[in-house]
Each structure stands twice: as C-alpha cells, then as structure tokens.
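This report refers to the structure that appears directly beneath it.
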There are 2 protein chains.
Amino acid sequence: MLHSESAEDYLKTICKMGGTQGAVSTSALASRLGISPVSVHEMIRKLAEQGLVEYTPYRGVSLTPAGLRAAQNVFRRHRLWERFLHDSLGLPWARVHEEAERLEHATSQEVSDRLAQFLNYPQECPHGYPIGQETCACEDEAARPLLELAAGESAEIERVPEDNAQMLEYLDHLGLRPGVRVTMIEIAPFDGPVTIELAGERKAIGRPLAERILVHIAASHHTEHQGG
Amino acid sequence: MLHSESAEDYLKTICKMGGTQGAVSTSALASRLGISPVSVHEMIRKLAEQGLVEYTPYRGVSLTPAGLRAAQNVFRRHRLWERFLHDSLGLPWARVHEEAERLEHATSQEVSDRLAQFLNYPQECPHGYPIGQETCACEDEAARPLLELAAGESAEIERVPEDNAQMLEYLDHLGLRPGVRVTMIEIAPFDGPVTIELAGERKAIGRPLAERILVHIAASHHTEHQGG
DNA sequence: TGTTATAATTAGGCATGCCTTATAAAATTT
DNA sequence: AAATTTTATAAGGCATGCCTAATTATAACA
Ligand SMILES: [Mn+2]
Ligand SMILES: [Mn+2]
Ligand SMILES: [Mn+2]
Ligand SMILES: [Mn+2]
C-alpha cells in the first residue's frame with residue numbers, strides 16, 4: 001500500500017537474493033528481474049532515497065530494516081493468498097504463485113491479518129516457504145539442496161522453486177512437493193541427470209533443478225511406514 | 001486482466017451512469033471520476049479505439065457489447081470479493097468496498113469462478129448489488145428511491161450507495177442495510193430532512209441520501225412478525 | 001602496472017495516465 | 001439571429017517505469 005507494485009517486487013527480489021546478509025549486485029538483480037541494468041539502477045536510487053535499501057556503487061544493494069519489513073509484509077501477503085487459493089479455492093498448485101503475485105499488491109494489513117486468522121495461521125505456503133512475521137525465507141538453517149544428498153540418503157522435500165509455472169507443473173507431475181520423502185539414487189557425472197526415488201518410483205531430473213529443491217534430513221526414516 | 005486498472009474503472013463508471021441505455025456525457029463522467037475532462041476525453045478515445053465504447057462528440061459515450069462484458073466482469077469480481085471480505089473475513093461492512101476496488105483488478109477469470117463456487121454462488125454483494133453473469137445493476141426494474149415512498153408506506157431496503165466509506169459508516173450506524181424494513185414518516189418541505197422509522201426507531205436523513213437508497217415494496221407487510 | 005571485464009552513469013526515448021491553459025466548435029438560451 | 005454555455009480539441013508538461021546506445025569509472029586479472 002505504501003509502495004508501488006514495482007517497488008514491492010524489487011524489495012522481494014533483493015531479499016530473495018540475499019540482500020539481508022550481504023550486498024546484491026545490481027546486474028544480478030537486473031537479470032533476475034528481467035529488467036535492464038540501467039532501469040534497475042534508476043529504481044535502486046529511488047529505493048535508496050526512500051530509505052528502503054542501502055546502495056554502495058560497485059558493491060551492490062542491501063535491504064535496510066525498513067526495506068526488510070516491507071519485503072516481509074509482501075511475502076506474508078503473497079503466501080497467505082497462495083494458501084487461500086490452494087486450500088480454499090482448490091486452484092492448482094502450479095497456478096497459485098502467479099495469481100498471488102498480483103493479489104499481494106492489492107491487500108491491506110487488515111485484510112492480510114484477517115486472512116491469516118481465517119486460514120488458521122498457516123506456517124508455510126504451498127511450496128514450503130514460511131509464513132511468519134519475521135521470516136524472509138532467503139536464508140535457511142537446516143535446509144540443503146537435494147543435489148547434496150549422498151547416494152542412498154533419504155530426506156523430505158522442504159521447499160521448491162516457485163517462480164516458474166511450467167517448472168511447477170513439471171514438479172507436480174513428478175510428485176515433487178513439500179513433505180514428500182525422496183531417496184537419492186545417483187548423480188550422473190558430466191552434468192548428467194539426478195536420479196531419485198519417491199513413492200517407490202525412480203525419476204531423473206536435471207542438476208539445476210536438483211540444486212534448487214531444498215530438503216531436510218528428517219529424524220524419522222520410517223515416516224512412510226507409519227502414515228498414509 | 002486484458003485491460004488496465006484505469007480502463008476497467010472507466011468502464012464500470014460508464015456502466016453505472018447508464019452507458020448501456022443512452023449516452024453518458026463526458027463531463028459528467030469526468031466529474032464522477034474526479035478526473036479532468038481533457039484526460040477523460042483522451043481515455044475515451046483510447047477505449048473507443050479498442051472497441052469498448054462508442055463515442056459521438058457532443059452526444060456522449062456508451063458501452064459496446066464488448067465494453068459491457070468487460071464492465072460486468074469487473075462488477076462480478078468486485079462483488080464476489082466484497083462477499084468474501086465480509087462473510088469469510090468479517091471485514092466491516094463499510095470497509096469491504098474500498099478493498100474490493102483494488103482486488104477486482106488482480107483477479108483472473110479462474111479465480112473469480114472458483115471464488116463464486118466457494119461462496120456458494122451468492123446473488124448480491126453486501127450492499128445489495130446483484131452478482132450474476134448478465135447483471136450490471138445500473139438499471140433496475142422494481143427498485144425505487146426511498147425518497148419516493150409516501151408517508152406511512154413501508155418497504156425493504158434493496159441497495160445502498162457504496163462508493164463512500166464515510167457514508168457507509170453512517171448508514172451502518174443508522175442500521176440502514178439491505179433487507180431492513182423501513183417506513184416513511186415524513187419528507188419535510190424546503191429540502192428538509194426525511195424521517196423514517198426502522199426497528200421501532202425514528203431517524204432523519206438528508207434528501208440526497210434518501211434519493212440514493214433504493215427500496216422495493218415487498219409483498220409481505222408482516223415479514224417482521226414472522227422471522228428474526 | 002596495464003589491460004580487460006564489469007558496473008555505473010549520461011542522454012534521449014517511449015507508453016500510460018494524469019495535469020493546466022488556451023482555443024475552437026457545437027449546442028442551448030435568450 | 002446573437003449571445004452564452006457546454007463540449008471538444010490542441011499544445012505542452014509531469015511522474016512512473018521501462019527501453020537502447022554510448023560513455024566513464026572501477027575492479028579484477030594477468
Ligand atoms: Mn508481485
Ligand atoms: Mn509459494
Ligand atoms: Mn477499481
Ligand atoms: Mn458492494
């Protein structure tokens with residue numbers, strides 16, 4: 001509400017790229033946003049003037065406390081809408097992100113607070129990203145890329161990349177969703193495919209994807225024997 | 001989705017002002033939108049180019065079938081969101097309109113269809129405006145302004161003006177909501193107040209407001225004796 | 001310490017949607 | 001028919017958010 005849609009998306013992206021820890025290169029930001037470096041530079045200057053980011057030429061851009069707060073608010077609105085679209089409306093898993101990408105900019109604090117209550121204060125979006133007051137979900141403690149699993153090692157999917165609808169369709173088709181248990185079979189050499197097993201079936205995916213799927217080595221190896 | 005937020009709001013307003021029947025004067029449109037006549041003229045030309053309105057200089061602007069369809073879609077999205085915000089989230093009656101005014105532009109056909117299903121295909125928004133495929137709610141059959149009631153005549157409130165949050169607060173405070181039964185007591189002369197009775201109490205409101213509240217003379221005069 | 005790659009910056013443009021001021025044309029009144 | 005009011009249109013601007021091409025500054029590398 002306070003900032004433009006554009007500004008909100010910039011802040012989110014800076015946060016996603018690690019702008020809470022170190023500084024994010026403006027050219028990396030530009031290529032991620034699909035906007036020319038010159039335009040990104042312009043916007044960065046405006047955001048810096050508004051006190052939302054700190055910018056040091058040749059070093060990069062990082063979020064100020066105010067910028068982080070703004071970004072977190074947008075993440076929260078986004079993920080709450082995703083839960084509503086998915087859980088209440090039954091919108092396909094792969095479609096909720098793109099819809100939430102617009103709704104997030106049209107939502108007041110009061111509506112998002114009531115939405116959270118309505119949804120019973122969910123902890124995660126359908127793709128595994130946290131919903132909380134202080135979460136940004138850029139940095140993670142225990143989460144490791146699927147690619148880092150050793151052969152034979154099992155883990156539970158925590159989070160999947162959500163910024164590409166086609167990729168989400170593909171993940172959905174493979175059954176690769178948060179909460180699903182997978183076992184690493186093999187990582188083929190020479191940038192070859194990553195073979196995993198889930199629900200008793202073997203699937204092969206590409207390395208870049210395996211690097212972006214985050215898993216955590218859950219305590220219980222027998223979860224699949226207990227529940228459905 | 002297809003048209004800009006601005007264009008969608010223009011189409012809605014043209015529809016509200018009767019652009020489906022005759023032509024709407026561009027200066028009236030300008031003052032209603034709170035936008036300069038020159039800017040409205042510019043936008044009208046663009047909408048005409050897109051085939052959404054028909055514009056005849058010195059006569060006014062009216063919606064084409066395509067423009068009407070677009071406007072109806074926005075109305076539908078708006079009123080569905082209002083129902084959700086009110087019924088599911090419990091957002092105050094007077095606040096839902098302004099929130100829906102933004103959400104309506106961020107909603108795909110699929111989401112609005114699923115929202116309608118989720119809400120069990122409601123027939124009206126919380127202010128009494130119809131939700132349907134072919135409804136525009138500019139023109140009404142049986143609905144008459146409250147001001148036209150004769151002294152002693154009773155009617156049920158059908159619709160209230162919804163474009164002013166403060167007015168809605170006031171109406172809410174008075175208990176003037178759709179479905180409420182009112183009886184005309186007196187219309188004072190010389191532009192004096194309009195006195196009505198509702199829920200056993202007498203209230204006086206201004207003429208302009210009484211003109212914008214629509215009522216219908218319901219068949220049953222004993223509704224209040226039957227239900228809660 | 002150059003050279004080279006990367007990042008920053010300047011300059012000029014475009015689309016959208018708004019603005020004011022001024023002029024022209026048509027419609028209404030008188 | 002003439003005067004007046006309303007409406008249309010032309011001209012020039014502004015903010016936002018994007019663009020390309022060209023130049024300059026810095027960092028990294030050899
Ligand atoms: Mn967005
Ligand atoms: Mn998500
Ligand atoms: Mn609107
Ligand atoms: Mn309404």
Side-chain angles (χ1 to χ4, degrees), chain A residues 1-15 17-19 22-63 67 70-71 74 101-102 104-106 163, chain B residues 1-15 17-19 22-63 67 70-71 74 101-102 104-106 163:
Chain A
M1 309 309 257
L2 298 97
H3 312 109
S4 72
E5 298 200 8
S6 222
E8 289 190 333
D9 283 338
Y10 271 84
L11 294 174
K12 279 205 316 181
T13 306
I14 293 167
C15 187
M17 295 179 75
V24 172
S25 129
T26 57
S27 48
L29 183 56
S31 91
R32 171 92 164 234
L33 285 166
I35 291 171
S36 81
V38 176
S39 300
V40 169
H41 186 261
E42 267 175 358
M43 179 61 95
I44 289 301
R45 260 195 14 231
K46 284 177 204 160
L47 294 175
E49 265 170 30
Q50 295 176 259
L52 296 167
V53 303
E54 201 175 339
Y55 172 55
T56 316
Y58 299 102
R59 275 214 51 239
V61 68
S62 59
L63 293 181
V74 187
E101 200 57 51
R102 291 189 311 273
E104 65 186 0
H105 307 294
D163 44 25
Chain B
M1 310 307 261
L2 298 99
H3 313 109
S4 72
E5 298 198 9
S6 221
E8 290 190 332
D9 283 339
Y10 271 84
L11 294 173
K12 278 204 318 180
T13 306
I14 293 167
C15 187
M17 294 179 75
V24 173
S25 129
T26 57
S27 48
L29 183 57
S31 90
R32 172 94 164 232
L33 285 165
I35 290 171
S36 81
V38 176
S39 299
V40 168
H41 186 260
E42 267 176 358
M43 179 61 95
I44 288 302
R45 260 195 14 232
K46 283 177 205 161
L47 294 175
E49 265 170 33
Q50 293 176 261
L52 297 167
V53 302
E54 200 175 338
Y55 172 54
T56 317
Y58 299 101
R59 274 213 52 239
V61 68
S62 59
L63 294 181
V74 187
E101 199 58 51
R102 291 189 310 273
E104 66 186 1
H105 306 293
D163 44 24

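Sequence lines set the chain letters: A, B, ... in the order given, protein chains first and strands last, and positions in each chain run from 1.
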For [X], all residues meeting side chain to side chain contact (heavy atoms under 4.5 Å, CB included), sequence neighbours excluded:
{"X": "A/Glu5", "result": "A/His105, B/Glu5"}
{"X": "A/Ser36", "result": "A/Val38, A/Ser39"}
{"X": "A/Arg32", "result": "A/Thr13, A/Lys16, A/Met17, A/Asp163"}
{"X": "A/Ser4", "result": "A/Ser6, A/Ala7"}

Looking at residues at least two apart in the chain, or sitting in another chain, which of them share a salt bridge (Lys or Arg N to Asp or Glu O under 4.0 Å) with B/Glu8?
B/Arg77

Would you mind telling me which residue lines up with the more 5' stretch of DNA chain D, B/Arg59 or A/Tyr10, judged by nearest nucleotide?
B/Arg59

For a quick check of understanding: with a heavy-atom distance under 4.0 Å over all strands, which category does A/Ser6 fall into, base, sugar-phosphate or nothing?
sugar-phosphate

Under 4.0 angstrom, heavy atoms only, what part of the nucleic acid is A/Gly34 near: base, sugar-phosphate, or nothing?
sugar-phosphate

Near DNA chain D, counting only heavy atoms under 4.0 Å, which residues of residues 39-47 of chain A show up?
A/Ser39, A/Glu42, A/Met43

Looking only at non-hydrogen atoms, find the nearest pair between [X] and [Y] and report the distance.
{"X": "A/Gly67", "Y": "A/Leu11", "result": "O-CD1, 4.3 Å"}
{"X": "B/Ser62", "Y": "B/Gly22", "result": "CB-O, 3.6 Å"}
{"X": "B/Ala71", "Y": "B/Cys15", "result": "CB-CB, 4.2 Å"}

Provide the start and end nucleotides, 5' to 3', of the part of DNA chain D that has atoms under 4.0 Å from heavy atoms of chain A.
D/dG17 to D/dA27

Using ring-ring contact (aromatic ring centres under 6.0 Å, His included) as the criterion, list what pairs up with A/His3, not counting sequence neighbours.
none

Show which side-chain atoms of residues 45-53 of chain A pair as donor or acceptor with protein atoms under 3.5 Å away, not counting sequence neighbours.
none

Heavy-atom contacts under 4.0 Å between residues 22-33 of chain B and DNA chain C, which residues?
none

Which residues, if any, of residues 49-58 of chain B bring a heavy atom under 4.0 Å of DNA chain C?
B/Tyr58

The side chain to side chain donor-acceptor pair (under 3.5 Å) partners of A/Glu101 (sequence neighbours excluded) come to A/Lys12, A/His97

Distance col, row A/Leu33:CG vs A/Thr26:OG1, nearest 0.5 angstrom, shows 11.0 Å

With side chain to side chain contact (heavy atoms under 4.5 Å, CB included) as the criterion, how do B/Ile44 and B/Leu29 come out once you've worked through the C-alpha distance, each side chain's angles and the decisive distance to 0.1 Å?
CA-CA 10 Å; B/Ile44 288 302; B/Leu29 183 57; 3.8 Å; yes

